[in-house]
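Presented below is the structure to which this report refers.
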Protein chains: 2
Amino acid sequence: MELSERKLKILQAIIYDFVKTAEPVGSRTLSKNYDLGISPATIRNEMSDLEDMGYLSHPHTSSGRIPSEKAYRLYVDQMMDKRELTDMQKNAITARLHSNVTEIENLVERAAQILSEMTNLTAFAMTPRRDEDVLSYVNLLPVDEKTVVLMIVSQSGKVSNTALRLRKPVTQETLNFLSKHMTYNYKGKTISEALTLDIIETVKEDAESMAMYEETVVPSFVKTLEDMLNVNLYMDGYTNIFSLPEYNDMDKARTFIEMINRKEEFTQKLIGRDDGVIVTIGNENQDESMSDYSLVTATYHVNGKQVGKIGVIGPTRMKYSEVTSVMEFLTDNISQAFKLTEGDDDE
Amino acid sequence: MELSERKLKILQAIIYDFVKTAEPVGSRTLSKNYDLGISPATIRNEMSDLEDMGYLSHPHTSSGRIPSEKAYRLYVDQMMDKRELTDMQKNAITARLHSNVTEIENLVERAAQILSEMTNLTAFAMTPRRDEDVLSYVNLLPVDEKTVVLMIVSQSGKVSNTALRLRKPVTQETLNFLSKHMTYNYKGKTISEALTLDIIETVKEDAESMAMYEETVVPSFVKTLEDMLNVNLYMDGYTNIFSLPEYNDMDKARTFIEMINRKEEFTQKLIGRDDGVIVTIGNENQDESMSDYSLVTATYHVNGKQVGKIGVIGPTRMKYSEVTSVMEFLTDNISQAFKLTEGDDDE
DNA sequence: AGTTAGCACTCGAGGTTGCTGAGTGCTAAC
DNA sequence: GTTAGCACTCAGCAACCTCGAGTGCTAACT
């Protein structure tokens, strides 16, 4: 069977109505509230077809229809009109995003806030990943006789460090020697590259006979590098989901809160997603635990390389059109901001 | 009226039963399940007295009694028996607290986990405050021509830093000069002291004629110091409250989740509390939004000076005796661990 | 042939009713 | 002072009813 123009129109109306009301949509209401020009009976026939084709389903015999995931997919891919935000909305977003924001972290946090408020969903924003950030500097600094600080600085200005306690006192010369050699070995490498190198071997060489430092310096070096890769995940609107009728049940709400609070896990899920604005609906999500939700993510860029993500999570019944528009505008805006932030020494 | 021995016994039984069941307790059940040696009628008379005295209340005419906040307070102050944990419990806690834990942050996070699991409540743990930590070191390090890193190291090994972008290139000599002077001025001072000093004046002097660095170095210095004071708040068992009958209502659950997610606010509340094991019940909490909950906090110590807090939040109907016992043991254990961690270079 | 009106049927939501069980307070007897 | 007895209260639950919004099917209409 083909999807006639009329079937598409009906489907669109059903999706629109269901997204708005969360109630199964019947033929009567449809013909009353939408200007389709056909009678309820005809609509019923068409709906029956649409159900056979997998676009609609029936909670129980005598209730209206609800859109299936397949219907949402069709909607997102083909039917959805990308609505431009109004200038007022745009200005409001830009203003809020930048007011009183001095640091990257703040900006990202703010993005999550704005996103959650504008969509009434649970929103999140990830700080950029630094895989591709380039090391510029490794340094060992004395604190006291037996304490040194290992410090790694990247080109983008990220600094990460670890304090080490040593068994024996160490001289300034030794530290200088180690610092220079480590810098020589790692400068210009990306963090990811540095981690794949055989660090133990390299450091061993650097340290030459100073085997006693291996056990302290090497693990700390790895740990410090890994620390530079850590991303922060900001979330906002945790409880927005509580106002939605589909989560009016304690168990569901609980499961949701528990899921989004396993932040490392959640971050991994996000990192695995493709770039650009990506919508995954219900069972399209790899993860079983997410099969009741839709996830929309988008990427922003820092210097064209480091990539961060923002997104929302909510019921499959969500205003995809609005959500994707807001997110697109927001990521453009953040990327823009990061160009300024990171490049303000170029002027 | 006086609280006779018998009234106390009855009150205790009511508290015990209500904490267990969350149901108002009637005279019949009381005489059936507790070995009080008196008839329901007598119990009724006594309960009536206890109600007059403010220890009990009546949801409606024909229901049983529930303990008032005053009753819980009496219980916590005078009636509660401090129960020692069993050796098995103790060992389990100690093992979990230390297994695979390499860092302070991890240990604190773990403490929140254990606490929430053992009490079935929402638990939190704060990393220690570093007000009293002593500065040992201020350093400015070149990254590239116009970028330097400001680094502050404390005696306890905490390192905090900020990357600065400068308008003009700076020489190594200038940086050395500034580093030395700042270290000279701040070494040995606690972070709080350092913040109360007139930093601008001091740095000005250090920098002498180099006024151009003032605008960059000074704010960053303050920011970096403040950064060292930041505490982290770990939470666990967010949703434990969902299983309790008193929060079987969406609105209440939502309010709760929202409250504990305002982390900065919540951290401030915690910091304001006295040392030791502190119980505040319902309206005893300053904060209006907490008047439905009881908050139990306890302090652990690092080197006898830096202080961190752990705690739980839950309904006023909670097993105070169990909770305080677990928390006492846990804080002792953490303090112990921090002695080892911070002092492991002394051996 | 496609569209529509009509009809019998289904089902969830919401309101009413009545019963039960656990409670209370009071009074009078022990 | 303690207790048994009694009349009364009230939340919770199940049974029942009605109502409204649906559906699918058939037969008539254009």
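The figures here come from the full heavy-atom set of this structure, side chains too, leaving out hydrogens, waters and symmetry mates.
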Are the aromatic ring centres of A:Tyr238 and A:Phe256 under 6.0 angstrom apart?
no

Under 3.5 Å side-chain donor-acceptor pair for B:Thr280 and B:Asn285:
yes

Whole angstrom is fine here: how far is it from CZ in B:Arg65 over to C1' in C:dG23?
9 Å

Applying salt bridge (charged side-chain N to carboxylate O under 4.0 Å, His left out), can you list everything that pairs with B:Arg96, at least two apart in sequence or on another chain?
B:Glu117

A:Lys82 side chain to A:Glu322 main-chain N or O, any donor-acceptor pair under 3.5 Å?
no

Quick one: salt bridge (Lys or Arg N to Asp or Glu O under 4.0 Å) pairs with a partner in residues 35-46 of chain A, sequence neighbours left out?
A:Arg6-A:Glu46, A:Lys7-A:Glu46

When you measure from every atom of DNA chain C, which of residues 243-251 of chain B have a heavy atom less than 4.0 Å away?
none

Which pairs count as salt bridge (Lys or Arg N to Asp or Glu O under 4.0 Å) when at least one residue sits in residues 8-31 of chain A, sequence neighbours excluded?
none

Hunt down any stem DNA chain C takes part in, defined as 3 or more consecutive Watson-Crick or G-U pairs whose two distances are each under 3.5 Å.
C:1-30 with D:1-30

Please list all pairs passing the salt bridge (Lys or Arg N to Asp or Glu O under 4.0 Å) test where one or both residues lie in residues 234-253 of chain A, with sequence neighbours left out.
A:Glu246-A:Arg317

d(CD1, B:Ile10; C1', D:dT2) in whole Å:
12 Å

Begin with the C-alpha distance, continue with both residues' side-chain angles, and end with the deciding distance and a verdict on salt bridge (Lys or Arg N to Asp or Glu O under 4.0 Å) for B:Glu258 and B:Arg262.
CA-CA 7 Å; B:Glu258 272 166 5; B:Arg262 287 194 296 277; 5.4 Å; no

Using the salt bridge (charged side-chain N to carboxylate O under 4.0 Å, His left out) criterion, which residues pair with B:Lys32? Sequence neighbours excluded.
none

Whether over 12 other heavy atoms sit under 6.0 Å from B:Tyr16 OH:
no

Looking at residues 11-23 of chain A, who's got a heavy atom less than 4.0 Å off DNA chain C?
none

Pairing residues for B:Gln286 by the side chain to side chain contact (heavy atoms under 4.5 Å, CB included) criterion, not counting sequence neighbours:
none

Whether the B:Ser294 and B:Tyr320 side chains hold a donor-acceptor pair (N or O, under 3.5 Å, no angle test) is what I'd like checked.
yes

Centroid separation A:Tyr247 to A:Tyr293 less than 6.0 Å:
yes

What residues from residues 25-47 of chain B pass a heavy-atom cutoff of under 4.0 Å to DNA chain C?
B:Gly26, B:Ser27, B:Arg28, B:Thr29, B:Arg44, B:Met47

Whole-Å distance, A:Leu56 CG to D:dT23 P, equals 10 Å

Distance-only polar pair, side chains of A:Ser321 and A:Arg83, donor-acceptor under 3.5 Å:
yes

Expressed as a whole number of angstroms, how long is the span from A:Arg6:CZ to C:dA1:P?
16 Å

For residues 53-79 of chain B, pull every pair meeting salt bridge (Lys or Arg N to Asp or Glu O under 4.0 Å), keeping only residues two or more places apart or in separate chains.
B:Glu51-B:Arg65, B:Arg73-B:Asp77, B:Arg73-B:Glu284

What string of B, S and - do you get for nucleotides 7-20 of chain D, 5' to 3', when a contact is any protein heavy atom under 4.0 Å?
--BBS---------

